[in-house]
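Notes follow the structure.
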Amino acid sequence: QVQLVESGGGLVQPGGSLRLSCVVSGSTFSLYPMAWYRQVPGNQRELVAHISRSRVATYVDSVKGRFTISRDNARSTVYLQMDSLKPEDTAVYYCNVKVFMENYWGRGTLVTVSS
């Protein structure tokens, strides 16, 4: 069973920073791409950042230049460094991995950007 556990969310002021972490178990982590999604109630879950097993990263336009996704294969962990946070970044952030043809999700971690 593939399991993902996110951490690092919280309350931060606009312009502040947070780093999210996601620890993956139950898979050969280094073989698979990883991603971060976010979701606001009433909205579709949005792909925020994606990183391949070779560490090629892509981002949704709204976070380019502010967010950085990275991975530590030895720790089976993917990170999302979030800088210059804006109120519109407020959402539940979910870690995702696609193993073969199946998607696996963490339970989410809440990020609230507010003064």
Side-chain angles (χ1 to χ4, degrees):
Q1 180 78 275
V2 177
Q3 293 183 312
L4 302 86
V5 180
E6 303 100 333
S7 63
L11 175 64
V12 65
Q13 295 184 0
S17 297
L18 286 173
R19 189 178 75 160
L20 307 183
S21 299
C22 173
V23 179
V24 182
S25 63
S27 70
T28 306
F29 179 84
S30 64
L31 297 180
Y32 305 108
M34 301 290 299
W36 286 96
Y37 288 72
R38 65 187 180 188
Q39 188 169 27
V40 177
N43 290 350
Q44 181 175 289
R45 190 169 295 185
E46 174 189 37
L47 175 62
V48 177
H50 177 276
I51 186 166
S52 74
R53 69 181 192 179
S54 61
R55 296 183 173 86
V56 177
T58 58
Y59 304 90
V60 67
D61 286 346
S62 61
V63 309
K64 287 180 179 176
R66 300 189 297 118
F67 290 11
T68 303
I69 187 170
S70 62
R71 65 191 298 159
D72 183 341
N73 290 342
R75 295 179 180 268
S76 296
T77 302
V78 62
Y79 303 94
L80 186 67
Q81 177 67 42
M82 304 184 294
D83 299 318
S84 302
L85 282 161
K86 304 175 180 179
E88 51 263 44
D89 295 318
T90 296
V92 177
Y93 284 71
Y94 297 91
C95 185
N96 165 267
V97 61
K98 190 171 186 177
V99 180
F100 301 111
M101 294 293 114
E102 293 192 41
N103 282 293
Y104 296 87
W105 301 91
R107 295 176 64 185
T109 185
L110 177 63
V111 173
T112 302
V113 185
S114 176
S115 59

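When reading the values below, keep in mind they use all heavy atoms of this one structure, side chains included, and skip hydrogens, waters and symmetry mates.
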- Message: In the structure I gave you, are the side-chain heavy atoms of Tyr104 and Leu4 within less than 4.5 Å of one another anywhere?
- Response: yes

- Message: Donor-acceptor check, side chain of Arg71 to backbone of Val78, threshold 3.5 angstrom: yes or no?
- Response: no

- Item | Atom of Val12, atom of Gly16 and distance for their closest heavy-atom approach | CG2-CA, 3.8 Å

- Does any N or O in the side chain of Thr77 come within less than 3.5 Å of the main-chain N or O of Arg75, such that one atom is a donor and the other an acceptor? yes

- Decide whether a cation-pi geometry holds between Arg107 and Tyr94; the criteria are a distance under 6.0 Å from NZ or CZ to the six-membered ring centre and an angle within 45° of the ring axis. no

- Query: Do Leu20 and Thr109 have side chains that get closer than 4.5 Å, going by heavy atoms?
  - Reply: yes

- Answer yes or no: is there a donor N or O on one side and an acceptor on the other, between the side chain of Glu6 and the main chain of Gly108, under 3.5 Å? yes

- Task: Check the pair Asp89, Lys86 against salt bridge (Lys or Arg N to Asp or Glu O under 4.0 Å), reporting the backbone distance first and the verdict last.
- Result: CA-CA 5 Å; Asp89 295 318; Lys86 304 175 180 179; over 6 Å; no

- Item | Stepwise ring-ring contact (aromatic ring centres under 6.0 Å, His included) check, Tyr37 with Trp105 | CA-CA 10 Å; Tyr37 288 72; Trp105 301 91; 4.8 Å; yes

- Can you tell if the side chain of Ser114 reaches within under 4.5 Å of the side chain of Pro87, non-hydrogen atoms only? no

- Side-chain heavy atoms of Pro33 within contact of His50, under 4.5 Å: yes

- Flag side-chain contact, heavy atom, 4.5 Å: Tyr79 against Arg19: yes

- Minimum heavy-atom separation for Ser70 to Ile51, with atom names? CA-CD1, 3.7 Å

- Query: Of the non-hydrogen atoms in Phe67 and Arg38, which two are nearest, and what is the gap between them?
  - Reply: CE2-NH1, 4.0 Å

- Item | Note, Thr68 side chain near Tyr59 side chain (heavy atom, < 4.5 Å) | yes

- Note on the structure: For Asp83, the salt bridge (Lys or Arg N to Asp or Glu O under 4.0 Å) test, sequence neighbours excluded, returns none

- Message: Is it the case that over 12 heavy atoms from other parts of the model lie below 6.0 angstrom from the CD atom of Glu102?
- Response: no

- Message: Distance check, rounded to the nearest 0.5 Å: Leu31 atom CG versus Arg53 atom CZ?
- Response: 6.0 Å

